[in-house]
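Worksheet: the structure to be examined is printed underneath.
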Amino acid sequence: MEGPRSVLAIIIFSFLFFLFSGSAGTGTASNATIGINYGQIADNLPSPQRVAGLLRSINIIKKVKLYDANREVLEAFANTGIEFVVGLSNEYVGNMTDEAAAVDWVKENVQGYLPGTNITCIAVGNEVFTGNDTLLMSNLVPAMQNIHSALVSLGLQGSVNVATAHSSGVLETSYPPSAGAFKPELTAFLRPLLDFLYQTTSPFLINAYPYFAYNGDPDRIPLDYVLFQPNAGMVDEATNLHYSNMLHAQIDAVYSALSALGYSSMEIKVSETGWPSKGDSDEVGASPENARIYNGNLLQLLAQNQGTPMRPSVRLETYVFALFNEDQKPGKTSERNYGLFNPDGSPAYDVGLHGSLSGASAITILNSKVVVSSLCSLFLLFFLGL
């Protein structure tokens, strides 16, 4: 009887391994490592401690971008291993043109949390070059230089870089992607910035939203093209590159704009992209279903660890916008409805990310291999009669 018993044991062993190893994943995005924007302009969000539990339980969100350097958040995420981009908002950029103030800021908001909290980048300002404040524009690069100098003086320059995020509004031309070019009036501000990013090996951050393009021209832009759905796409006749989605076209337009100014090797990271689940009557396309499709397909795309048609071998690091809806944000209804999760930790819509504010799912994921090994061993011992 040992022969049949051994065969049965092997069958059960294989079944258990398949069952439990499969259950340890997180849906369609299980192979991806993604970033998320964690905004906090709301009065109903869970505590940062519970948010840390949520992200640990999801397991594939390994990077978080803040718009400030919130003490409670940075302390709550200590020893989680999650990478952080901390923000210095536009209102404080002018202060950082003072070297001593920059050193004090870095000591308090970065050095004070290292190495427990894994801060890897400081985003100085946000979408500075698409506003009308020329003084702010002029202060941006000096502020970034002083922040970097402060990192150097504290011995942190190798582990923390300095960048700033831009909206797609910095582009004069974005179609076709090969014709991408920055607005000429921004060149005087962009060249010093690009020099700084190049010298410090820092990325160019872009907030890219195909939703805005579709909302602005829904009659001419196919919805499937912006939602990563099957479609005919478009071919850039200058390069013969085929684009099956608008996000990649937008990013390659930025690559072209950088190349036109002599920075063809500069890395691009998507600091924001997302889709609203609700909007005003004039906000075409803002719906739970479109948000689910956009973000779900985006996560599947990121799971492939591929780049754009222009840079296919360069993985496109991306931060999804956003973790939660922010009910206190001003502006149109869409501004308050980009969140992937509800305040109770449940998904706003299903994109394959499932976790718990208690962090319980993280334990399941981390221990899944132990469970598989232990159960399989028990069954083998039983059926083999050892």
Side-chain angles (χ1 to χ4, degrees), residues 123 125-131 137 140-141 144 161 163-217 220-222 225-228 231-274 294 298 301-302 304-319 321:
N126 186 54
E127 300 186 348
V128 169
F129 291 159
T130 44
M137 295 181 190
L140 179 61
V141 172
M144 295 174 71
N161 62 33
T164 187
H166 308 273
S167 83
S168 297
V170 297
L171 295 176
E172 175 77 10
T173 306
S174 61
Y175 182 86
S178 60
F182 292 115
K183 291 181 176 178
E185 62 269 27
L186 294 178
T187 302
F189 299 107
L190 279 166
R191 283 199 178 278
L193 171 68
L194 297 176
D195 283 342
F196 170 81
L197 296 178
Y198 178 79
Q199 292 166 8
T200 58
T201 321
S202 297
F204 187 91
L205 305 182
I206 187 73
N207 299 337
Y209 287 92
Y211 163 72
F212 291 141
Y214 175 75
N215 180 59
D217 196 0
R220 295 204 306 166
I221 298 177
Y225 181 61
V226 295
L227 293 180
F228 309 100
N231 68 95
M234 61 82 64
V235 175
D236 187 327
E237 294 183 358
T239 60
N240 204 35
L241 293 174
H242 178 265
Y243 290 86
S244 61
N245 66 82
M246 180 173 281
L247 180 65
H248 278 174
Q250 289 181 333
I251 301 309
D252 276 356
V254 180
Y255 275 125
S256 294
L258 290 171
S259 296
L261 292 183
Y263 298 90
S264 59
S265 63
M266 184 166 291
E267 180 185 10
I268 293 174
K269 294 184 179 182
V270 179
S271 40
E272 291 181 16
T273 191
Y294 181 85
L298 172 65
L301 185 69
L302 296 176
Q304 299 172 20
N305 291 318
Q306 296 177 351
T308 66
M310 204 172 279
R311 299 286 190 277
S313 62
V314 180
R315 181 181 179 274
L316 187 61
E317 186 171 315
T318 301
Y319 289 79
F321 189 87

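The chain is numbered in sequence order, starting from 1.
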Please find the pair of heavy atoms, one from [X] and one from [Y], that lie closest to each other, and give the distance.
| X | Y | result |
| --- | --- | --- |
| A213 | Q250 | CB-NE2, 4.4 Å |
| F204 | L258 | CD1-CD2, 4.0 Å |
| H242 | A232 | NE2-O, 2.9 Å |
| N126 | A165 | OD1-CB, 3.5 Å |
| S202 | M266 | O-CG, 4.3 Å |
| T164 | G125 | OG1-O, 3.5 Å |

Next item on the list: Count the heavy atoms of every other residue, nucleotide or ligand shown that sit under 6.0 Å from CG of N240, and state whether that count exceeds 12.
Entry: no
Margin query: Is the ring pair F321/Y209 parallel, tilted or perpendicular, if the boundaries are 30 and 60 degrees?
Written below: perpendicular
If only side-chain N and O atoms count, and only distance matters, is there a donor-acceptor pair under 3.5 Å linking [Y] with [X]?
| X | Y | result |
| --- | --- | --- |
| E272 | Y319 | no |
| Y198 | S265 | no |
| N207 | S167 | no |
| D236 | Y175 | no |

Say you draw a straight line from [atom1] of [X] to [atom2] of [Y]; how long is it, rounded to the nearest 0.5 Å?
| X | Y | atom1 | atom2 | result |
| --- | --- | --- | --- | --- |
| Q306 | R311 | CD | CZ | 16.0 Å |
| N305 | E317 | CG | CD | 11.0 Å |
| S168 | E127 | OG | CD | 8.5 Å |
| M310 | T239 | CE | OG1 | 5.5 Å |
| N161 | M144 | CG | CE | 9.0 Å |
| T308 | L241 | OG1 | CG | 8.5 Å |

Do [X] and [Y] have side-chain heavy atoms sitting under 4.5 Å apart?
| X | Y | value |
| --- | --- | --- |
| M234 | Y225 | yes |
| F212 | D217 | no |
| L197 | P203 | no |
| L140 | F189 | no |
| Y243 | V235 | no |
| L227 | Y214 | no |

So, does [X] use its side chain to make a donor-acceptor pair with the main chain of [Y] at under 3.5 Å?
| X | Y | answer |
| --- | --- | --- |
| S256 | P177 | yes |
| N245 | H248 | yes |
| T318 | L316 | yes |

Margin query: Using the ring centroid of each side chain, check whether Y211 and Y294 are separated by less than 6.0 Å.
Written below: no
Checklist line | Listed once per pair and sorted, the salt bridge (Lys or Arg N to Asp or Glu O under 4.0 Å) pairs that draw on residues 182-210, sequence neighbours left out | finding: none
